[in-house]
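The figures here come from the full heavy-atom set of this structure, side chains too, leaving out hydrogens, waters and symmetry mates. Quick note on labels: first sequence line is chain A, next is B, and so on, each numbered from 1.
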Amino acid sequence: MIGDENELIEHRLGKLNALRAMGLDPFAIERYDRTDMAGEILADSEGYGEKEVSIAGRIVSLRPMGKAAFAHVVDSSGRIQIYIKSDTVGPDVYKLIELMDIGDIVGVRGTVGKTRTGETTVFVSGFQILAKSLRPLPFGKQKGEQEWYGLEDVDTRYRQRYADLIVNPEVMEVMQKRSLIIRAIRQFLDAEGFIEVETPVLQAVAGGAAARPFTTHFNALDHDFHLRISLELYLKRLIVGGFEKVYEMSRVFRNEGLSTRHNPEFTLMELYQAYTDLEGMMDLVERLFGHICQTLYGGLTLTFQGQTIDFTPPWPRIPLLEGIEKYSGVKPEEFATVESAKSAGERLGLPMEKENSIGGIVDKIHEKFLQPKLIQPTFITEFPVDISPLAKKDPANPSMTRRFEPYIVGQECGNAFSEINDPLDQRDRFVQQAKMRASGDDEAHPMDEDFLRALEYGMPPTGGLGVGIDRMVMLFTDAPSIRDVILFPQMKPETK
RNA sequence: GGGUCGUUAGCUCAGUUGGCAGAGCAGCUGACUCUUAAUCAGCGGGCCGAAGGUUCGAGUCCUUCACGACCCA
């Protein structure tokens with residue numbers, strides 16, 4: 001979009017043309033061999049002696065002073081000062097300083113030393129501009145006493161994440177941590193003997209969660225497909241097929257709104273383990289979160305938004321209705337019928353007009369009264385059957401299921417259950433869901449005959465777990481918004 | 001979906017009861033061979049988110065729209 005060029009861009013184009021006229025077209029350069037990274041030099045500034053180093057990176061500050069100049073160069077390892085003196089590089093090379101801008105990519109040769117004030121600096125013997133920055137970086141805020149900030153406008157930050165990354169280095173740090181977390185999850189699961197698989201993103205029936213899917217048309221098959229909303233039903237097909245410990249960590253898509261905790265495409269990790277149950281999954285969750293915390297912070301505690309969170313097992317296990325009674329006063333018996341549950345909800349001041357299922361009301365009261373109290377890691381267990389169409393019923397109380405959700409800092413961090421492996425029960429649940437769908441609940445679970453056929457071949461007793469990776473990364477990076485942990489969050493397209 | 005707030009220079013923001021469009025930073029010109037996002041002197045830079053309306057006159061008031069933030073559903 002260099003059509004909207006202004007004076008600033010005009011000047012930089014002029015400098016580019018001057019470089020080209022001198023036979024120094026930066027964009028003709030294909031390669032620059034580096035001997036060292038900025039971070040390595042800063043870490044061992046005494047160890048370089050007279051050795052010549054070559055570094056490359058982006059100019060982020062420039063202080064020319066007549067016939068000498070200071071600048072800072074940033075590469076992926078850090079930021080180092082360079083000092084260029086006309087006497088050293090010769091007047092012809094020094095002239096290039098006039099054609100250099102903050103934002104340019106440069107290659108620098110020189111020796112390592114310290115300036116009078118003690119800052120480790122590369123004393124330049126030669127340099128070249130490797131790429132010209134034509135568009136000024138969104139630097140330049142002064143606030144109070146000489147404090148500097150980069151880009152703040154969140155709209156621009158998300159739409160131009162490339163500029164955000166240059167100007168706000170903490171974004172890069174969060175994304176590096178995200179990579180460490182994902183690696184730690186894979187290490188943990190590999191060590192536990194899990195096999196990572198890939199299942200279809202395009203699905204004729206999008207099930208495994210209560211959410212609206214995105215729909216797309218498959219031209220060759222002349223059929224509408226959905227983008228998956230979960231990984232569950234294909235992974236359980238694999239358990240039927242003989243995999244005993246299997247997982248997938250990948251993107252799923254839900255056609256819903258955006259918020260500080262929701263992005264319509266997000267990363268989900270689901271795992272399934274044959275011959276174990278809910279309690280086996282709780283044990284695994286405790287160890288998984290503990291492993292990640294150890295890897296990142298060397299212990300079992302971290303700070304999130306000022307609160308200290310302790311992952312030391314065992315985490316408390318609280319049945320959902322017990323927790324609701326404790327924090328809202330509503331007794332479990334009140335959830336016996338939709339009518340009594342509704343009046344309990346109304347008593348608490350919650351809008352109940354649209355509610356027509358016990359599970360929905362339980363969920364709403366939970367969200368408002370119990371969930372915000374669950375700061376330290378806690379397992380909430382025993383969810384109503386009508387909002388848990390894939391979880392085994394509790395033999396002691398068939399209106400509830402053998403399901404749990406872990407909560408940390410008031411946020412749901414996962415979902416797990418003893419999986420239904422009775423194809424007859426599963427069919428009944430799907431039929432129930434179909435009725436809910438028919439009465440207007442478009443997030444009710446769709447019928448999936450192929451999945452039922454798989455269960456009919458026989459699936460071992462199985463424990464399953466799903467964890468939203470983006471929310472997990474928020475927790476481990478102290479990020480208040482999901483957009484802080486997603487490089488390119490979903491936005492409405494620009495209209496210009 | 002509802003409410004509140006926001007959108008002015010590259011960035012961050014002022015702009016009074018409606019009366020010439022402002023600041024800091026960065027940019028440009030000049031000076032300066034150890035600076036700390038230097039310093040000194042000078043100079044440019046605007047479709048005030050878009051469209052309509054009220055008015056002699058709108059950045060400012062009204063309406064609609066677009067995009068965003070926060071809260072609620």
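Between the C1' atoms of B:U60 and B:G19, the separation comes to 11 Å (whole Å). Taking the C1' atom of each, B:C20 and B:G15 are spaced 14 Å apart, rounded to whole Å. A distance of about 15 Å separates the P atoms of B:C47 and B:G22, rounded to the whole Å. The same atom, C1', is picked in B:G27 and in B:G10; the two are 8 Å apart, to the nearest Å. With both ends at atom P, the span from B:G57 to B:A69 equals 38 Å, rounded to whole Å. Going from the C1' atom of B:C61 to that of B:U16 covers 15 Å, rounded to whole Å. Taking atom P on both nucleotides, B:A14 is separated from B:A73 by 31 Å, rounded to a whole Å. With both ends at atom P, the span from B:G24 to B:C43 equals 12 Å, rounded to whole Å.
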Worked verdict on A:Phe266 versus A:Arg254 for side chain to side chain contact (heavy atoms under 4.5 Å, CB included):
CA-CA 8 Å; A:Phe266 64 99; A:Arg254 296 184 182 178; 3.7 Å; yes

Evaluate salt bridge (Lys or Arg N to Asp or Glu O under 4.0 Å) for A:Asp470 paired with A:Arg178, printing each intermediate quantity in order.
CA-CA 9 Å; A:Asp470 307 277; A:Arg178 180 177 177 123; 2.9 Å; yes

Stepwise side chain to side chain contact (heavy atoms under 4.5 Å, CB included) check, A:Glu334 with A:Lys331
CA-CA 6 Å; A:Glu334 297 184 64; A:Lys331 293 192 171 11; 3.8 Å; yes

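The A:Pro136 side chain lies nearest to B:G10 when the options are B:U33, B:G10, B:A69. Comparing atom distances between the A:Asp155 side chain and each of B:C72, B:C70, B:G68 picks out B:G68 as nearest. In the set B:C11, B:A73, B:U35, B:U35 carries the atom at the smallest distance from any side-chain atom of A:Arg63.
Here the C1' atom of nucleotide B:G30 and the CE atom of A:Met65 are 17 Å apart, to the nearest Å. Note: CD (A:Glu119) to C1' (B:A37) measures 12 Å, nearest angstrom. In this structure, A:Gln490 atom CD and B:A69 atom P are separated by 13 Å, rounded to whole Å. Atom CD1 in A:Ile102 sits roughly 12 Å away from atom C1' in B:A38 (whole-Å rounding). Atom P of nucleotide B:G27 and atom CD of A:Glu98 are separated by 14 Å, given to the nearest angstrom. Taking atom CG of A:Asp104 as the reference point, atom P of B:G27 lies 11 Å away to the nearest angstrom. Atom CD of A:Glu10 and atom P of B:A9 are 19 Å apart (whole Å). Per the geometry, CG belonging to A:Leu62 stands 9 Å off P belonging to B:A38, to the nearest Å.
A cation-pi contact, defined as under 6.0 Å to the ring centre and within 45° of the axis, is absent between A:Arg402 and A:Phe417.
Checking side-chain atoms of A:Arg63 against main-chain N and O of A:Phe70 turns up no donor-acceptor pair under 3.5 Å. With hydrogens and angles disregarded, a donor-acceptor distance shorter than 3.5 Å links the side chain of A:Asp75 to the backbone of A:Ala38. Side chain of A:Arg471 to main chain of A:Arg261: a donor-acceptor pair is present (N/O by atom type, distance under 3.5 Å, no hydrogens or angles).
Between A:Lys85 and A:Lys364, the residue anchored closer to the 5' end of RNA chain B is A:Lys85, taking for each the nucleotide with the nearest heavy atom. The nearest heavy atom of RNA chain B to A:Pro64 and to A:Arg159 marks one nucleotide each, and the one closer to the 5' end goes with A:Pro64.
Base-pair partner of B:G46: not found among the strands shown (Watson-Crick or G-U wobble, both distances under 3.5 Å). In a base pair of the Watson-Crick type (N1 to N3 plus N6-O4 or O6-N4) or a G-U wobble (N1-O2 and O6-N3), with each distance short of 3.5 Å, B:C5 is matched with B:G68. Across all strands shown, B:C20 remains unpaired; no Watson-Crick or G-U wobble contact has both distances below 3.5 Å.
For A:Gln81 against B:U35, a side-chain-to-base donor-acceptor contact under 3.5 Å is present. Interface remark: the A:Thr115 side chain does form a donor-acceptor pair with the B:U35 base, using a distance-only criterion of under 3.5 Å.
Phosphate contact (OP1/OP2 of B:U35, side-chain N/O of A:Lys67, threshold under 4.0 Å): absent.
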